[in-house]
Amino acid sequence: MSKTATIYDLLLVITIIAIAWNALFGRNPFSATIFFVAYGLFLALIWVQLGAPDVALAEAGIGAGLTGALMLGAIRQFESDPLLHLRRSFSWSNSCIAVLSALLSAGVVLTIWGQRMFDKSIQALVQENLEISGSSHPVTSVLLNFRAFDTWLEIGVLLLAAISALTIKRVHGEHISMLPPAPCREQTEAISRLLLPLLILIGGVMLWYGARAPGGAFQAGALIGAAGILLQLAGESSVNRLLATSDSRILNVFLVIGFSAFLLVAALSLAIGKKMLEYPWDLAGIIILAIEFAATLSIATILNVMYACSKTGEETTK
Amino acid sequence: MNFSSIPLYLLYGTTGAILVGLAIYALATFPHVFRKILAWNALGSGIFLIIGSIASRNAVNGVSDPLPQAIVITGIVVSVSATALALVITRRLHQLSGDNTLDIKQERETP
């Protein structure tokens with residue numbers, strides 16, 4: 001039978017709902033954003049409780065960390081807008097929406113309860129074929145072997161979003177802001193000096209151990225991407241120049257390398273007469289590692305481009 | 001009340017459902033785009049939590065079902081890219097029209 005709840009789970013649930021309430025309805029938009037980051041971190045704790053450490057790592061790194069950084073980078077643009085500080089006043093339409101939202105929640109709970117006798121797990125299938133997947137960690141083998149096509153398209157979505165963001169900037173002749181959003185403080189410099197090697201080291205460890213343990217390309221990409229964002233914040237000129245020059249070859253190569261790695265493997269697997277993205281058994285481990293390495297580089301670069309595009313800084317408009 | 005009789009998946013599934021409800025309400029009632037983007041992210045994570053609770057219910061020997069886990073990791077990464085794109089578009093909207101809402105009427109008033 002499935003696991004039952006403890007008092008810790010109950011406290012976690014109460015905390016997360018309180019934090020979500022503050023993040024969504026808090027009057028001060030800045031503190032609401034901080035609450036949103038806290039919300040992501042508590043969500044990561046819940047994922048650990050649910051027995052999904054991979055998701056916990058992704059949620060803490062990407063959901064809380066990077067989304068939070070994006071939101072905090074963008075908030076300065078809106079802070080003075082009175083609409084954002086708007087008090088909620090009572091109105092009939094809002095109460096109707098509240099009732100409908102509550103009904104939606106209740107409906108979802110009923111659906112989950114109604115499915116309690118329904119077991120559609122593919123766990124057994126994954127365990128059976130784990131040996132030939134090239135990875136001893138079930139989540140990695142699903143992401144990069146059994147459902148590699150999904151992951152390929154996901155990198156495609158990331159690439160598309162980054163290209164769209166860059167295009168919106170460039171169509172209007174606007175360059176990505178080169179200056180750091182605020183004058184660099186000594187603290188920022190000291191913190192980034194301390195964290196930078198650690199982030200890159202842990203990112204590398206996560207990439208390498210992803211084949212056997214929780215971790216992998218996305219978590220590693222998020223950590224290395226965070227290292228780049230720290231450099232942007234500290235005003236490191238080489239990173240900013242790389243992101244600001246619109247025809248930077250290196251930048252473009254890094255952007256597409258993850259997608260291209262998948263493309264190459266797909267083409268090769270078709271060429272040797274197998275199905276698309278079907279790896280030869282003895283090479284599966286190497287192929288997964290190579291794809292993960294390329295994907296990590298791409299994800300880190302794409303996240304940096306997105307941060308640079310969405311932050312509010314002094315513009316160098318031409 | 002005895003908490004130990006509540007299945008873990010049901011507790012977290014319900015939490016996910018409550019988060020979805022709160023986020024939908026915020027998404028519908030706040031006019032400002034920044035609030036809407038925050039609510040949209042919370043909505044996504046509520047849905048992921050529901051998927052994850054089902055995955056943990058189908059666990060074998062304490063290991064959650066790997067397929068929903070992979071789907072959720074994919075979802076988290078896609079939602080951060082969508083958020084970034086939404087912020088860039090919002091910024092452009094603000095620069096072009098001075099408007100921070102998705103309200104059509106206001107757009108007409110400020111040509």
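Every chain is numbered from 1 and lettered A, B, ... according to where its sequence line falls, protein lines coming before strand lines.
Interface remark: of the candidates B/I37, B/L49, B/T83, B/V33, B/L49 forms the most heavy-atom pairs closer than 4.5 Å to chain A. In terms of non-hydrogen atom pairs under 4.5 Å with chain A, the most contact-rich of B/A82, B/A28, B/A17 is B/A17. In terms of heavy-atom pairs under 4.5 angstrom with chain B, the leader among A/V139, A/L143, A/L24 is A/L24. For the options A/V55, A/V108, A/V109, heavy-atom pairs under 4.5 Å to chain B are most numerous at A/V55. The candidate from B/I24, B/V78, B/I76 with the greatest count of non-hydrogen atom pairs under 4.5 Å with chain A is B/I76. When each of A/L12, A/V13, A/L303, A/V157 is scored by its heavy-atom pairs under 4.5 Å with chain B, the top score falls to A/V13. Among the candidates A/L50, A/T111, A/I62, the residue making the largest number of heavy-atom pairs closer than 4.5 Å to chain B is A/L50. When each of A/W47, A/F36, A/W113 is scored by its heavy-atom pairs under 4.5 Å with chain B, the top score falls to A/W47. The most heavy-atom pairs under 4.5 Å with chain B, out of A/Q219, A/E154, A/M306, come from A/E154. Heavy-atom pairs under 4.5 Å with chain A were tallied for B/I54, B/I50, B/L27, B/I18; the largest tally goes to B/I18. The residue among B/S45, B/G13, B/G16 with the most heavy atom pairs within less than 4.5 Å of chain A is B/S45.
The closest side-chain heavy-atom distance from B/T29 to B/R35 is not below 4.5 Å. With a 4.5 Å cut-off on side-chain heavy atoms, A/T151 and A/F218 count as touching. Side-chain contact check for A/S141 versus A/V126: some heavy-atom pair is nearer than 4.5 Å. In this structure, the side chains of A/I168 and B/I89 come closer than 4.5 Å at one or more pairs of heavy atoms. Residues B/R57 and B/L8 fail the side-chain proximity criterion, which asks for heavy atoms closer than 4.5 Å.
With a 4.5 Å cut-off on non-hydrogen atoms, B/L10 touches chain A through its side chain but not through its backbone. With a threshold of 4.5 angstrom between heavy atoms, B/V77 approaches chain A through its backbone and through its side chain. Residue contact with chain B, scored on non-hydrogen atoms closer than 4.5 Å, involves the backbone and the side chain of A/I97 alike. For chain A, no part of B/S79 is nearby; none of its heavy atoms comes within less than 4.5 Å. Looking at A/L43, only its side chain comes within 4.5 Å of chain B, counting heavy atoms on both sides. Contacts of A/A23 with chain B are made by backbone atoms alone, with heavy-atom separations under 4.5 Å and no side-chain atom involved. With a 4.5 angstrom heavy-atom cutoff, B/L19 touches chain A only via side-chain atoms. Contact annotation for A/F146: neither backbone nor side-chain heavy atoms come within less than 4.5 Å of a heavy atom of chain B.
In terms of heavy-atom proximity, A/Q127 sits nearest to A/P138 at NE2-CG, 4.3 Å. In terms of heavy atoms, B/S64 sits closest to B/Q69 at CB-NE2, 3.3 Å. In terms of heavy-atom proximity, A/I155 sits nearest to A/G258 at CG2-C, 4.1 Å. Of all the heavy atoms in B/G21 and A/S101, the pair that sits closest is O-CB, 3.4 Å.
Each of A/D9, A/I16, A/I112 was compared with B/Y12 under the side chain to side chain contact (heavy atoms under 4.5 Å, CB included) criterion, and only A/D9 meets it.
Using a 30° and 60° split on the angle between ring planes, B/H32 and B/F34 fall in the perpendicular class, above 60°.
A donor-acceptor pair under 3.5 Å is formed between the side chain of B/T15 and the backbone N or O of B/L11.
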